[in-house]
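Data block below; observations after.
In this text, all values refer to a predicted model and were calculated from it rather than measured experimentally.
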Amino acid sequence: MQPRLTTTVSILSLSTVTGITTAITGIIPQLKRTFPRVPTTLIEWVVTIANCSALITLLLNPRLTNHWGLRPVVISGLLLSAVMGLIPAFTANFTIIMLSRLGLGLGRGSLLTARHQPVNTQFYG
């Protein structure tokens, strides 16, 4: 049986969101110019903080999915990632950008272990 289009799009969005956090690496020089008073090491933490916060939810993910189920955890992770990923587009405050990257990582971490399960249940052969 062929999976529905919405299922396929959902699985692809999981893969896109989990890989997007490092896409900001290419604009670090522009961030340095935009925030000249912020130390370079702190600007480079914009990439790192998302990965560190993803580790937190990655470790908590089995408990989250046992308590609420896979679907609510995945949906909340996608929503959190979407909202936190959009915040830097609307602010020039470096602290808010860092906090949004922290939230983006939390959303991403909730998706990392969950992204393989829908693929395994929907596609076979």
Contact summary for [X] and [Y], nearest pair of heavy atoms:
X	Y	answer
Ser100	Pro88	OG-CG, 3.3 Å
Ser53	Gly105	OG-CA, 3.1 Å
Ser81	Leu111	OG-CD1, 4.3 Å
Met98	Ile49	CE-CD1, 4.1 Å
Phe94	Ile43	CZ-CA, 3.9 Å

Verdict with supporting geometry, Cys52 and Thr48, side chain to side chain contact (heavy atoms under 4.5 Å, CB included): CA-CA 6 Å; Cys52 290; Thr48 308; 4.0 Å; yes
Test item: Arg108 side-chain N/O and Ala54 main-chain N/O as donor-acceptor pair under 3.5 Å: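 Side chain of Arg108 to backbone of Ala54, a donor-acceptor pair under 3.5 Å: no, none is there.
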In one Ile/Leu/Val/Met/Phe/Trp/Tyr side-chain cluster, 4.5 Å: Val38, Ile28: yes
Reported [atom1]-to-[atom2] distance for the pair [X] and [Y], which is rounded to 0.5 angstrom:
X	Y	atom1	atom2	result
Trp45	Thr41	CH2	OG1	9.5 Å
Phe90	Ile96	CZ	CD1	13.0 Å
Leu58	Ser110	CG	OG	10.0 Å

By side chain to side chain contact (heavy atoms under 4.5 Å, CB included) - contacts of Ile75 (at least two apart):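 By the side chain to side chain contact (heavy atoms under 4.5 Å, CB included) rule, Ile75 matches Arg71, Leu79.
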With Ile27 via side chain to side chain contact (heavy atoms under 4.5 Å, CB included) - residues at least two apart: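 Residues passing side chain to side chain contact (heavy atoms under 4.5 Å, CB included) with Ile27: Ile24, Gln30, Leu31.
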Step-by-step side chain to side chain contact (heavy atoms under 4.5 Å, CB included) determination, Asn61 to Val73: CA-CA 8 Å; Asn61 202 15; Val73 170; 3.5 Å; yes
Criterion side chain to side chain contact (heavy atoms under 4.5 Å, CB included) on Phe35 and Leu42, from CA distance to verdict: CA-CA 10 Å; Phe35 302 105; Leu42 193 58; over 6 Å; no
Derivation of the side chain to side chain contact (heavy atoms under 4.5 Å, CB included) call for Met84 and Ile87: CA-CA 5 Å; Met84 293 298 165; Ile87 287 174; 3.7 Å; yes
